[in-house]
Structure formats: C-alpha cells, structure tokens
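Here the structure comes first, spelled out in structure tokens, and everything after it is commentary.
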Amino acid sequence: MTRDPARTARALVLLAGGGVAAWLLVLNFGALLAVAWRAEGFTALRGADWAAVRFTLVQALWSAALSVLLAVPIARALARRRFVGRDALIMLMGAPFILPTLVAVLGLLAVFGRAGLVNQGLEGLGLARLNIFGLHGVVLAHVFYNLPLATRILLQGWAAIPAERFRLGASLGFGPRDTFRQLEWPMLRDLVPGAFLVIFLICLTSFSVALTMGGGPRATTVELAIYQAFRFDFDMGRAAMLALVQFGLCAGAGVLAWRVALPSGLGGGMDRPVLRFDTGAVCLRVWDGTLIVAGALFLLVPLALVVLRGAPHVTGLPPEVWQAAARSLLVALGATGVTLAMTLALAHAVLAVGPVRGAVLEWLGLAALAASPLVIGTGLYLLIRPLANPRDFALLVTMLVNAGMALPFALRLILPGLRDVMASQGRLADSLGLHGWARLRIVTLPRLRRPLGFAAGLTAALSMGDLGVIMLFAEREGATLPMQLYRLMTAYRLDDAAGAALVLLGASLALFWLFDRWGRGRAEA
Amino acid sequence: MLRLEDVTILQDDFSLRAGLEVARGARVAVIGPSGAGKSTLLGAVAGFVPVAQGRILWAGAEMTGQSPAMRPISVLFQDNNLFPHLSAFDNVALGLRPSLRLGVAERAQVAAALARVGLEGLGTRRPAQLSGGQQSRVALARVVLQGKPLVLLDEPFSALGPALKVEMLHLVAEICRETGATLLMVTHDIADARAIADQTILVADGVAEGPFETAQLLANPPEALRAYLG
C-alpha cells in the first residue's frame, strides 16, 4: 500500500503538538520541581516573607476591585454615548496591554510622583505632598493597566445586549434605573466575576510594578521577594520556598478562574453604539461626559508626559541604551516566532485529538496565564546551572519565557480562527490532498493572517517591554532595554531614563503596529 | 464499477445500510427525504464519513479507510468548493498540484480546463469577483483537471437559479461523457434526476437501494418514494 500523506500529516501534527505540550509541562511544572529539588533544603519562611504573601493578596484584591468598580460607570458611559474620537479612545484602551510596565510607571511618576503634576498642584495650594510609593503606588499602577482592560471587557458585554431590548425597554417606559436593573445588571453579573479574576491573576504575578512602585519590605510582592532572595541573599532555599508559595497562590486563583468563564477583552465587537432612548437627561450627559474625560485624562496624561519629557533626550542617549534596544528587538522577534510556531502546533493538535484530549491540551496552553515568570526563571536557572553558566543563556531564557507567557493570548486568538478554517474548508483541502506544509502555506496561514498578525504584534510588544526573568540572569552587560531603563532609573539618571522610556514605548508600539498592519494587509475575501 | 458491500454507517442514533453496485460510466441520482442520509452516503464513498461495517471498492480495489485525497474521486460540496483567498486559476490548479508549484505544461493544462468551462481569461479573479454560476464553473474546471474516474456532487448548484442549475447539470453530464467518469449526485429535485441521471438510488428509512432506472422508478414509485414525492 502506498504511503498516505494524510496520515503522515496527522502524525506530524501530533508530534509537534506533543512536543509543545511537553515543553509547556517543563516550563509550567518542571521548573517548579527543579526549584523544589535543588533547593538544598528549604529555609523556613520569615515574617517578612509572610508579609509579602499578605501584601501580594491585598494589592491584587484592591487593584482588581478598583479596576472593575471604576470600569462599570466608564464602560456604561462609553456604551451609551456617541462622540467624535470614541473609536480612537476605545482603541487606546487596548494600548496598556502592549505598554511596557516601566514606561507606564515613569508616566505615572510624572503625574503622581514626588515632583509630579499633582504634587506641584498640592504644593501650590499649600497642601501636604502625596507619597506615591507603597501600596497606593502599586495599586495605582495596576489600575492604570487594568482599568482599560476591564472597561473593554464590560464594553463587549454592553455591545452584546441586543439593540431590540433597549427598544423594547423604551416602549415600556424604562428610565435609566430600570434599564440598569433589567438589562445591564444581568450582563454585569455574568461578566464582572471573570473580569475581576483576570485582573486579580495578572496582579498576583506583579513584579516590575512592585519593584519600582513598592516601598521597601512593607510593599513587596512574593514575585519580588523571590528575586530578592535569589539575587541579593543568594538564599536558594528561601527562593524555592517562596516559589512554591507563589505557585500555590497562582494555582489557587487559576483553579477559581477555571470555574468562571474568563473574558479576554481582546476581541472586536465594541464599535457599535446602540441607539438609546433612556439617556437624554442633561445631568446624565454631564455625568457620562465627566467620566469619559476623566478616564481619558487618566490614560493620556501620563503617556503624553513620557513623550514630552523623553523627546529632548532621545538623541543624546548613551550607546548602551541602543545596544540594549537591539538586544530587546532580537528577543522580541525570537519570542514572536517561537510563540506563533508553538501556537500553531498546539492549535492543530487541539483540533486533531478530539474534544476531551483537545480540552486538556488547550488547558495546558492557557495554564501559563497563572504561571509566574520568576518561578519559571528560577527553575530554569537551577536546571541550567549544573550544565553551564546560566548567565550565558540570559537572552535565550528570557525569549523562551516570554514566548510561554504570550502563548495563552496567542492561542485564544488563533484557535477559533483555525477551527473556522477547518470547519469551512477542511473537507475541500482534504479532498484535494492538501496536507502538511502545502496546506499551511496555501490555506491555513492566508486565512489566519489577521489573528496571526494581531497575536504576533501582542507577543512582540509584550516581550519588548518585559522586565522579569532577565533580572535573574543578566549581568552588567547583556541587558535588555527595560533592564537598562531600570538601571537608569535607579541611578537617578532621569534624563536618560526619560529618553530610553520613549525609545522603549516607540519600539513596543511600532512592533505591534507593524505586525498588526501586516495581518490586516490585503483584504482577504 | 463502484461496489458497496454490506456497508453500515453509524452516527449517534442514526444508521444507514447500503449494498449496491454502480456501473462504470453511469450517471446516478441519489434521492430521498431530507435527513435520510443522502449526503452521509456520499460522504462515506468520498472518505469523510467512517464506515462501521462493510467495504467500499472501486474497480475491484478496496478504498475503505483510505483518506479522501487517496481515493479516485472528485467531490463538490454544497458550499465552500473554492478557497476565497485564491484566484480562480490557483483554485483550479490545486486539482493538479496541491503544492501549487506548476511547470509551463501544467499551467497550460489549467488554462485549458478554465477554457473548457467557458472561463477563458478569468483566471486572475478571486471567487468574490465572480458570479455564482462562474464560481460553479471554476469548481467544475478543477473536476475536469483532476480527471478522476468517479465524480460526486452533493447539491453544489442548489444556490443557483433554476435555469442556471440546469445549465450546470448539463455541463457536468457533458464533462462526464467526455472523460467517461461515473457520476453520483445528491438531489432533492426530481427534475435534476430526470435531466441527466439515467439511474437513481433511493435513500429512505435507513437503507440505500438501487440503482433503479430513473424513468421506471418515477413512473412506478415504491411506498417510501411516493410519500416523499407527495
């Protein structure tokens, strides 16, 4: 009997998918085992460590609660108002997702920091200055990041309420209060727990925000404590213990999240303002307008300040910054390639193995949402150490961990598209004998161009701006751009830091824009 | 000759039995009430629907369990017969080379197939830039190019208007006559069967029977067909 290319292709898919699954197991669980194993005896946790656990939970709770609470009225205002720039504002709300943390931090410091706008204003009024460092600062930065995410998630919820319901409500004489109770509250009840959990999860693994906005031992997250135990105390036992604690926290939140459908906030479907009949009152208009303006200012002013303060210093930046930028670019592009390859392999495997095993594979792909980069980094460090000098692998490890972190988002974007392609054109491709590489090249990739471009843009921007694992590995030389920026900040070279922040911001946005642009490229029928 | 030997198809709580032979070069309609399993029968022959029991043979060689592309079959589905992002030329060329890497002679073959169905010069257009009838012709050009001995139609023209549909069916009949291909076509319209199919397979009550002479079958319909025809 002749060789059947369909079987060969299937075997390849299973092999590649299995490989990716195995690698994800190593990344998400193997690294933890390595930490537990090589810890040369655990060190009991001290009081400070428990304080870190408490602080991690408290800041994540506050951040998630505030983000969601503030997002409800803002999303409601955006959902029921039409104005020039609405689309741009909603698009901008997607930006913090690809905004490097340190850039956001610098922007927030320019507004709320010691010499920031707010404090200048307070001083002008003869009032006491605010101190941003500590719990306030961490929560503020997290809200800055996640308020837009929460708003987008809820806005999708509003967009999902059929316009006919609002019309029916109007014919029944619903006021704003009735509309809220009958139409909006049921939607919120479904979406808010998921939005809260997503943000809670994101904030649990907060590292760079805590590193820059936290104030000493009273405002340290577990993630940060791992880094400190590892880098400053060289106490592997304590780092391992903390890594286990962090894994426990994330796994716990992950299990909770598993029971609630997690919204993504990445998709479209938010561009359709519904004609409303219950929102004409003047005080309502003023209220909505105030909320929208306040929300936009909260997002825009810090970013504008980063641009304004950075622009004069870009040309005078020292060469290390440009070298670091080049390294970051390489890492980002590498991570993008690896993420797309892993996502495609995994997505094909998910669809090839049937619903039950497919769900397990999909879960494995999404598990990285609850994974802690620092735990993975510590584990990989300990795995490499007996074989080679881990510092030589700083960039490679950073790239691989970034790829693992971006995988859940990429998978969520690409899997539904692939499912559609399979459903609508799988039979045709099968009957024509399109398998393997030819199928990928001729059918799958062209049809998936849009989500692929978007996923690539997200991954590249996330990786470009990531400050995490690299801090465990890198020495003086070999820093990425975010790490270089952090050094400039801690050395109080504020002009250079402002310039580097602008470069980092530009690079992240440009990467995202280029890939996304490519994905939108030729209008596919 | 296409042979279905004691074939049983099981899907959830649906089952279909078929034991029949179709002569080489025959043009056979598959009719029956909706939901009776006409498409399922075609799917089993084409290799998209697994067979629980029995064997399917073409010219004495078993093809049960072979993947669709390995079978000596061209198939046109109800929809999605073309890739919307590829040109008409590429859509046809896929019938020759799934890699789309074509030599000069092969490109000429593709052009000839397009010309055969009356689409000369339209190769660069995408499906969205073609009318419904032209889209059907692109798919048929691919069938011509594939030159497989067995052609299966699962109501690919059902979205076309009546006149256009008849035109397409006659084109299919012509093509099959030229290449000597055997035709199996699902239809819910008796007129289609009358127009081009000399024989008819009846699918009803979980059994596929036939083929019968179409004219005789319609003149003297059995119980199941009478109920369907009304």
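Residue numbering restarts at 1 for every chain, and letters A, B, ... go by the order of the sequence lines.
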Take A:Ile98 and A:Trp513 through the test side-chain contact (heavy atoms from CB on, under 4.5 Å) and record every step on the way to the result. CA-CA 10 Å; A:Ile98 53 170; A:Trp513 186 81; over 6 Å; no
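- Listed options A:Ser431, A:Ala429, A:Ala438 were ranked by heavy-atom pairs under 4.5 angstrom with chain B; first place goes to A:Ser431.
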For residues 104-113 of chain B, which side-chain N or O atoms pair as donor and acceptor with protein atoms under 3.5 Å away, sequence neighbours left out?
{"unit_1": "B:Glu106", "atom_1": "OE1", "unit_2": "B:Gly103", "atom_2": "N", "d": "2.8"}
{"unit_1": "B:Glu106", "atom_1": "OE2", "unit_2": "B:Arg97", "atom_2": "NE", "d": "2.9"}
{"unit_1": "B:Glu106", "atom_1": "OE2", "unit_2": "B:Arg97", "atom_2": "NH2", "d": "2.9"}

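- In this structure, chain B has a heavy atom under 4.5 Å from the side chain of A:Arg441, while its backbone stays farther away.
- Ring to ring, A:Phe454 and A:Phe512 are close: their centroids are under 6.0 angstrom apart.
- The contact between B:Leu86 and chain A is made entirely by side chain atoms (from C-beta outward), counting heavy-atom distances below 4.5 Å.
- Only the backbone of B:Leu82 comes within contact range of chain A, judged by heavy atoms closer than 4.5 Å.
- At a 4.5 Å heavy-atom cutoff, the contact between B:Gln146 and chain A is made by side-chain atoms alone.
- Contact count versus chain A (heavy atoms, under 4.5 Å) is highest, among B:Gly43, B:Pro127, B:Gly95, B:Ser99, for B:Ser99.
- Residues satisfying the salt bridge (charged side-chain N to carboxylate O under 4.0 Å, His left out) test with B:Asp189, not counting sequence neighbours, are B:Lys165.
- Only the side chain of B:Phe48 comes within less than 4.5 Å of a heavy atom in chain A; its backbone stays farther off.
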Apply side-chain contact (heavy atoms from CB on, under 4.5 Å) to the pair B:Gln53 and B:Asp6, showing each step before the final yes or no. CA-CA 7 Å; B:Gln53 258 176 51; B:Asp6 300 322; over 6 Å; no
